[in-house]
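Lettering follows sequence order; numbering is per chain, from 1. Note that this is a predicted model, so its numbers are computed, not measured. Atom set for the values below is all heavy atoms of this structure, side chains included, hydrogens, waters and symmetry mates excluded.
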Number of protein chains: 2
Amino acid sequence: MHDEALLRKILIANHQKITKARLTVFNLLRSKEPQAIASIIAGCKGEVDRVSVYRVLDLYEKLGIVKRVNIGWKYKIELSDAFLDHHHHASCLGCGKVMSVMENGELEALIEKLSAKSGLTMTSHVLELYGYCYACDTNTKNRT
Amino acid sequence: MHDEALLRKILIANHQKITKARLTVFNLLRSKEPQAIASIIAGCKGEVDRVSVYRVLDLYEKLGIVKRVNIGWKYKIELSDAFLDHHHHASCLGCGKVMSVMENGELEALIEKLSAKSGLTMTSHVLELYGYCYACDTNTKNRT
DNA sequence: CATCAAATACAACAAAATTGCATTAAGAAT
DNA sequence: ATTCTTAATGCAATTTTGTTGTATTTGATG
């Protein structure tokens with residue numbers, strides 16, 4: 001099923017209307033790196049109001065269509081695993097660059113095991129790596 | 001080495017001054033659960049200005065003294081592993097309870113490997129598990 | 001295509017974070 | 001110990017980010 005069809009299916013299943021604002025926001029998130037809300041709002045300029053972006057994202061998170069990820073001091077929004085391959089992030093504390101770290105079966109299995117041991121019926125998990133990319137690591141002036 | 005001595009060592013090693021603001025913020029973070037910035041600011045009332053709290057935390061994050069952790073939609077600050085035993089969190093989406101998940105050598109080794117592969121000199125990482133604890137899992141009324 | 005609730009835009013507001021700059025204080029030099 | 005220098009702080013102002021209330025519009029339904 002292609003992305004937008006899945007979106008429509010989720011919205012309908014939850015008795016939510018399919019609106020221009022919701023489609024616009026969704027399309028801005030497709031096939032993209034995690035985006036700051038500010039950049040989504042900018043992308044909606046003239047089409048969808050700021051407030052509606054917040055409300056759409058609010059809904060999308062409740063429905064599991066998007067999730068927040070922390071990148072350093074900021075958070076960004078990305079589509080959930082139902083739309084993207086499951087992955088994690090490696091963020092550079094120097095320059096803010098974010099790299100995607102693809103799923104690794106071995107790791108995921110371990111995380112499953114860990115959650116079971118902790119007595120949690122896990123529905124999702126987040127793994128974020130922080131450090132310095134090659135460029136920043138060899139360039140101390142970015143490290144303060 | 002006790003906590004404050006380590007803090008001093010890190011600051012000095014990075015040519016940073018040891019100031020009242022930095023000590024006050026540090027002491028608010030010791031032996032505590034992850035804290036919201038707002039609560040750190042509140043704890044500094046009358047002692048350290050809001051703006052300085054932001055600046056101290058900024059520095060502390062760059063130096064790896066603190067890290068952000070995601071608790072649902074909010075982030076909180078906690079001391080890094082140099083000060084606390086390394087651990088992760090398992091949060092119940094039903095009742096909000098947060099359980100500490102202790103270090104697991106196998107998992108940590110994999111994460112190290114993963115970061116190396118991604119080209120990041122990792123200084124820290126965060127793993128957060130979300131789901132439902134036993135009580136909430138058997139009690140669907142908490143699942144919305 | 002008429003209806004009606006849900007979703008949106010817009011304005012006003014509130015909260016969180018940042019910036020610029022004058023003042024203070026930490027730590028080095030003497 | 002005292003002076004000197006620059007980093008760090010406090011404070012005011014501002015910007016950015018997020019929220020609320022409400023009149024209007026729009027999407028789904030019959």
Side-chain angles (χ1 to χ4, degrees), chain A residues 4-5 7-28 34-63 65-77 93 96 140-144, chain B residues 4-5 7-28 34-63 65-66 68-77:
Chain A
E4 194 177 302
L7 172 75
R8 285 171 185 274
K9 190 182 147 195
I10 295 172
L11 287 175
I12 290 166
N14 287 277
H15 318 103
Q16 299 294 324
K17 292 183 180 173
I18 293 159
T19 67
K20 183 179 74 115
R22 286 169 185 173
L23 291 173
T24 303
V25 169
F26 179 77
N27 284 311
L28 282 172
Q35 287 185 65
I37 285 207
S39 96
I40 301 173
I41 289 170
C44 286
K45 192 116 190 177
E47 302 222 39
V48 180
D49 187 77
R50 243 164 62 73
V51 176
S52 299
V53 171
Y54 280 106
R55 293 200 261 228
V56 167
L57 289 175
D58 237 16
L59 174 70
Y60 279 7
E61 207 211 8
K62 283 209 183 81
L63 299 182
I65 292 166
V66 303
K67 59 181 177 182
R68 287 190 166 198
V69 298
N70 265 347
I71 307 293
W73 286 106
K74 305 289 185 185
Y75 69 83
K76 301 193 171 186
I77 310 286
L93 297 171
T140 36
K141 79 165 191 280
N142 285 331
R143 302 187 82 155
T144 305
Chain B
E4 196 178 301
L7 172 74
R8 285 170 185 273
K9 190 181 146 195
I10 295 172
L11 288 175
I12 290 167
N14 287 277
H15 318 103
Q16 299 295 323
K17 294 181 178 172
I18 293 158
T19 65
K20 185 181 73 120
R22 288 171 183 172
L23 291 173
T24 303
V25 169
F26 179 77
N27 283 311
L28 281 173
Q35 287 185 66
I37 285 207
S39 97
I40 300 173
I41 290 171
C44 286
K45 192 115 188 178
E47 302 222 38
V48 180
D49 189 75
R50 252 166 61 73
V51 175
S52 299
V53 171
Y54 281 107
R55 293 199 264 227
V56 167
L57 290 175
D58 234 15
L59 174 70
Y60 279 6
E61 204 206 14
K62 285 209 180 79
L63 299 183
I65 292 166
V66 303
R68 286 191 168 200
V69 299
N70 259 341
I71 306 287
W73 276 77
K74 303 292 184 184
Y75 68 83
K76 300 195 171 185
I77 310 286

**Student:** B:Arg8 side chain to B:Ile18 main-chain N or O, any donor-acceptor pair under 3.5 Å?
**Tutor:** no
**Student:** Could you check how far CD1 of A:Ile41 sits from C1' of C:dC10, rounded to whole Å?
**Tutor:** 15 Å
**Student:** Check the pair B:Ile37 / B:Tyr75 against side-chain contact (heavy atoms from CB on, under 4.5 Å), numbers first and verdict last.
**Tutor:** CA-CA 8 Å; B:Ile37 285 207; B:Tyr75 68 83; 3.4 Å; yes
**Student:** Rounded to the Å, how far apart are B:Ile40 CD1 and C:dA17 P?
**Tutor:** 11 Å
**Student:** Just how far is it from atom CD of B:Glu47 to atom OG of B:Ser52, taken to the nearest 0.5 Å?
**Tutor:** 12.0 Å
**Student:** For the pair made of NZ in A:Lys45 and C1' in C:dT8, what is the distance, rounded to whole Å?
**Tutor:** 18 Å
**Student:** What's the shortest heavy-atom distance between B:Cys44 and B:Val25, and which atoms?
**Tutor:** SG-CG2, 4.1 Å
**Student:** Rounded to whole angstrom units, what separation is found between the NZ atom of B:Lys62 and the C1' atom of D:dA7?
**Tutor:** 15 Å
**Student:** Could you tell me whether a side-chain N or O of A:Gln16 sits under 3.5 Å from a main-chain N or O of A:Leu63, the two making a donor and an acceptor?
**Tutor:** no
**Student:** Using a cut-off of 4.0 Å between protein heavy atoms and nucleotide atoms, how would you tag nucleotides 21-30 of chain C 5' to 3' with B, S and -?
**Tutor:** -----BS---
**Student:** Students often get this wrong, so: under 4.0 angstrom with heavy atoms, is A:Val51 touching a base, only sugar-phosphate, or nothing?
**Tutor:** base
**Student:** Find the distance B:Leu59:CG to D:dA8:C1' and express it as a whole number of Å.
**Tutor:** 10 Å
**Student:** In whole angstroms, how far is the C1' atom of C:dA6 from the CG atom of A:Asn14?
**Tutor:** 15 Å
**Student:** Compare side-chain N and O positions of B:Tyr54 against OP1 and OP2 of D:dG10 and report whether any pair is under 4.0 Å apart.
**Tutor:** no
**Student:** Keeping the roles fixed (side chain from A:Tyr60, backbone from A:Arg22), state whether a donor-acceptor pair exists under 3.5 Å.
**Tutor:** yes
**Student:** Starting at CG of B:Asp49 and ending at P of D:dA12, how long is that distance when rounded to a whole Å?
**Tutor:** 9 Å
**Student:** Base, sugar-phosphate or nothing for B:Arg50? Non-hydrogen atoms, less than 4.0 Å.
**Tutor:** base
**Student:** How many angstroms lie between atom CG of A:Leu11 and atom CG of A:Leu7, to the nearest 0.5 angstrom?
**Tutor:** 4.5 Å
**Student:** Report the distance from atom OH of A:Tyr75 to atom P of D:dT16, rounded to the nearest whole Å.
**Tutor:** 16 Å
